[in-house]
**Q** 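To start, I am sharing the structure in question, which I have written as structure tokens.
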Amino acid sequence: MSTSPYPLGLRLDGRRVVVVGGGAVATRRVPALLDAGADVLLVAPELTPALRAHVNADRLRWAPRRFTPEDLDGAWLVQVAIDDPAAAESVSVAAAERRIFCVRADDRTAATAWTPAVTRHGPVTVAVLGGGDPRRAMTVRDAIRDLLAARLVPEGAARTRGATEATEATGATGATDATRGRRSGRVALVGAGPGDPELITVKGWRLLTEADVVVADRLVPGLLLDELRPDVELVDASKIPYGPSRAQEEINQILVDRALAGAFVVRLKGGDPYVFGRGGEELLACAEAGVPVTVVPGVTSSIAAPAAAGIPVTHRGVAHEFTVVSGHLAPDSPASLVRWDALAGLRGTLVILMGLKNLPAITATLIAHGRSAQTPAAVVQEATTGAQRVLRSTLGAVAADLAAADLRPPAVVIVGDVVEALGR
């Protein structure tokens, strides 16, 4: 490039942005556009499950076909997320004719705008351009993020983290193999938290920045994917409830195969890897293949969702226990391992994950076994995100109220007097 780019922060709230392509690159770029409030039009014959989830939630519009120049009418920005140079060039030509800035994932030299390496720290957003070198931009970005994070980490904790990093670089989860002179593969099961990208742990984020391969679920905060290095392989392992999914055995095989090929693989999960996240199955698969595994706990939605809605799962004089169960199977299903009759007799808080579909049967079963229909209940949709919605009701009415309010997964159901412990 003969000239330096002009840095600019785009205010896209309510303005149309066109994204051409429905693969891994679009999966990484779309969340930041949605976070900016853009009116996103996605043009692609096929979508990844994660992008389809955005469509199903009405966060963006999808044109299920190939690009036409008329798609750019009224647009302020276009992002080309396809690897076909001829098709990408046709988008560039249409954008130039309309004087619309165009980001090209396939050829930055042909683009009229670049996507910077970004880090977010509360209200502060830092964007770094590396003169066309994405690795340089990511290195500088990561250094800045470390400096911002260091202001919130006590000196002793920083020393501990440094010691941990040194251990992981040479120990059981080591990144190098001196006998072979190359990197040895390993896997990290990382909990990404309930939805807010800032709720991932410091260690989880650090391992994410070091990853060669990231295998991500639908519930992973999308902005975390926007901060990956451009050369990272992103595998969309979205497991959309009651929709298309990738078999768990296939996910296990991906982790093992990439690690045995020498890659550092991060399995990024919403919430915590071991709270209905099948992390145990993935660890066993890696262990059987001789692949070292690091587990990084995450903030589970079973606690975070109630907290985000102002509901403590325990409260002095109100609840001395809380129980977390999965509601993905109906109470009368032969495959269910939940003793709903026993749960009905408890006095504490009951937190139900993945239970919207079966909520009418669950509430009826709890009431039939003695839990009062007047017990306070709440449903929290997409907790800790901008799409969070909270419904307060009672055990006897919550299923009907839920249907009337048109709440959708992911959502957490809370049953117990703690729902009203702090008032409304």
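Starting from 1, each residue takes its place in the sequence as its number. Keep in mind that what you see is a predicted model, and the values were worked out from it rather than measured.
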**Q** Please find the pair of heavy atoms, one from Pro297 and one from Thr201, that lie closest to each other, and give the distance.
**A**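 Nearest heavy atoms, Pro297 then Thr201: O-CG2, 3.7 Å.
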
**Q** Given Gln381, which of Leu356, Leu402, Leu391, Leu407 fulfils the side-chain contact (heavy atoms from CB on, under 4.5 Å) condition?
**A**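 Among Leu356, Leu402, Leu391, Leu407, the one that satisfies the side-chain contact (heavy atoms from CB on, under 4.5 Å) with Gln381 is Leu407.
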
**Q** Without swapping roles, check the side chain of Arg389 against the backbone of Ala405 for a donor-acceptor pair under 3.5 Å.
**A**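 Indeed, once roles are kept as given, a pair shorter than 3.5 Å links the two residues.
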
**Q** Between Glu282 and Lys269, is there a side-chain N and carboxylate O pair less than 4.0 Å apart?
**A**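 So Glu282 pairs with Lys269 through a salt bridge.
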
**Q** Does any N or O in the side chain of Arg59 come within less than 3.5 Å of the main-chain N or O of Pro31, such that one atom is a donor and the other an acceptor?
**A**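 No; zero donor-acceptor contacts below 3.5 Å.
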
**Q** Does a side-chain N-to-carboxylate-O contact under 4.0 Å join Arg218 and Asp236?
**A**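 Judged by the 4.0 Å cut-off on N to carboxylate O distance, Arg218 and Asp236 do not form a salt bridge.
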
**Q** Compare every heavy atom of Phe264 with every heavy atom of Arg186, then report the nearest pair and how far apart it is.
**A**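 Where Arg186 meets Phe264 most closely, the heavy atoms are CG-CD1, 3.4 Å.
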
**Q** Please walk me through it: do Cys102 and Val78 pass side-chain contact (heavy atoms from CB on, under 4.5 Å)?
**A** CA-CA 5 Å; Cys102 178; Val78 57; 3.7 Å; yes

**Q** Can you list the steps and then say if Val80 with Phe67 is a side-chain contact (heavy atoms from CB on, under 4.5 Å)?
**A** CA-CA 10 Å; Val80 184; Phe67 169 81; over 6 Å; no

**Q** Checking side-chain contact (heavy atoms from CB on, under 4.5 Å) against Val379, which of Val390, Ile414, Val398 comes through?
**A**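 By the side-chain contact (heavy atoms from CB on, under 4.5 Å) criterion, Val379 pairs with just one of Val390, Ile414, Val398: Val398.
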
**Q** Using the side-chain hydrogen bond (donor to acceptor under 3.5 Å, both in side chains) criterion, which residues pair with Arg98? Sequence neighbours excluded.
**A**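 Counting only residues at least two positions away or on another chain, Arg98 forms a side-chain hydrogen bond (donor to acceptor under 3.5 Å, both in side chains) with Asp73.
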
**Q** Donor-acceptor pair, distance only, cut-off 3.5 Å: does the side chain of Asp212 make one with the backbone of Ala263?
**A**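 No, Asp212 side chain to Ala263 backbone: no donor-acceptor pair under 3.5 Å.
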
**Q** Answer yes or no: does atom CZ of Arg65 have more than 12 heavy-atom neighbours from other residues, nucleotides or ligands under 6.0 Å?
**A**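 Check passes, neighbour count above 12.
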
**Q** Closest heavy-atom contact between Ser92 and Ala110?
**A**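 So the two residues come closest at OG-O, 4.2 Å.
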
**Q** Say whether, by atom type as modelled, one donor and one acceptor occur between the side chain of Asp272 and the main chain of Gly191 under 3.5 angstrom.
**A**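 Checking the backbone N and O of Gly191 against the side chain of Asp272, no donor-acceptor pair under 3.5 Å is found.
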
**Q** Looking at every heavy atom in both Val215 and Arg267, which two are closest together, and how far apart are they?
**A**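 For Val215 and Arg267, the tightest heavy-atom pair comes out as O-NH1, 3.3 Å.
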
**Q** Contact between Leu225 and Leu234 at the side-chain level, heavy atoms closer than 4.5 Å - yes or no?
**A**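 A side-chain contact under 4.5 Å exists here.
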
**Q** Taking side-chain hydrogen bond (donor to acceptor under 3.5 Å, both in side chains) as the criterion, tell me which of Glu250, Glu249, Gln248 meets it with Asn252.
**A**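 Going through the options one by one, the only one that passes is Gln248.
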
**Q** Looking only at atom types and distance, does a side-chain atom of Thr349 sit under 3.5 Å from a main-chain N or O of Val313, one as donor and one as acceptor?
**A**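 Checking the backbone N and O of Val313 against the side chain of Thr349, a donor-acceptor pair under 3.5 Å is found.
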
**Q** Scan residues 17-44 for pairs that pass salt bridge (Lys or Arg N to Asp or Glu O under 4.0 Å), counting only residues two or more places apart or in two chains.
**A**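 Listed once each, the pairs are Arg29-Asp226, Asp39-Arg61.
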
**Q** Does atom OH (Tyr274) have a neighbourhood of more than 12 heavy atoms from anything else shown, all under 6.0 Å?
**A**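 Enclosed: over 12 neighbouring heavy atoms sit under 6.0 Å from OH of Tyr274.
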
**Q** Assess whether salt bridge (charged side-chain N to carboxylate O under 4.0 Å, His left out) is satisfied between Arg135 and Asp133, documenting all intermediate values.
**A** CA-CA 6 Å; Arg135 286 184 174 273; Asp133 183 344; over 6 Å; no

**Q** Crowded around Trp62 CH2? As in, over 12 foreign heavy atoms under 6.0 Å?
**A**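 Check passes, neighbour count above 12.
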
**Q** Please give me the minimum heavy-atom distance between Trp114 and Pro5, naming the atom from each residue.
**A**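 Looks like CZ3-CG, 4.0 Å.
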
**Q** Going by salt bridge (Lys or Arg N to Asp or Glu O under 4.0 Å), name the pairs with one or both residues in residues 286-306, residues two or more places apart or in two chains.
**A**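 Passing the test, one end in residues 286-306: no pairs.
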
**Q** Taking only residues two or more places apart in sequence or in another chain, which ones pass side-chain hydrogen bond (donor to acceptor under 3.5 Å, both in side chains) with Glu321?
**A**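 Once residues adjacent in sequence are excluded, Glu321 has no partner under the side-chain hydrogen bond (donor to acceptor under 3.5 Å, both in side chains) criterion.
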
**Q** How far does OG1 of Thr375 sit from CD1 of Ile367, to the nearest 0.5 angstrom?
**A**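 Rounded to the nearest 0.5 Å, the OG1-CD1 separation comes to 8.0 Å.
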
**Q** Is it true that atom CD of Glu70 has more than 12 heavy atoms of other residues, nucleotides or ligands lying nearer than 6.0 Å?
**A**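 More than 12 within 6.0 Å, yes.
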
**Q** Please determine which of Val18, Val55, Leu34 meets the side-chain contact (heavy atoms from CB on, under 4.5 Å) test together with Val40.
**A**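 Single side-chain contact (heavy atoms from CB on, under 4.5 Å) partner of Val40 among Val18, Val55, Leu34: Leu34.
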
**Q** So which heavy atom on Leu77 is nearest to which on Val103, and how close?
**A**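 Leu77 and Val103 have their closest heavy atoms at CD1-CG2, 4.3 Å.
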
**Q** After noting the C-alpha distance and the side-chain angles of Arg120 and Arg145, does the key distance pass the side-chain contact (heavy atoms from CB on, under 4.5 Å) rule?
**A** CA-CA 8 Å; Arg120 299 169 178 86; Arg145 177 157 184 167; over 6 Å; no

**Q** Once salt bridge (Lys or Arg N to Asp or Glu O under 4.0 Å) is applied, what residue pairs with a partner in residues 82-96 remain, sequence neighbours excluded?
**A**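 For residues 82-96: Glu89-Arg104.
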
**Q** Should Thr294 and Val187 be marked as a side-chain contact (heavy atoms from CB on, under 4.5 Å) after you check the CA-CA gap, both sets of side-chain angles, and the distance that decides it?
**A** CA-CA 6 Å; Thr294 298; Val187 169; over 6 Å; no

**Q** According to the salt bridge (Lys or Arg N to Asp or Glu O under 4.0 Å) rule, which pairs have a member within residues 394-419, sequence neighbours left out?
**A**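 Listed once each, the pairs are Glu382-Arg408.
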
**Q** Roughly how far, to the nearest 0.5 Å, is the CZ atom of Arg278 from the CG atom of Asp217?
**A**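 Interatomic distance, Asp217 CG to Arg278 CZ, rounded to 0.5 Å: 10.0 Å.
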
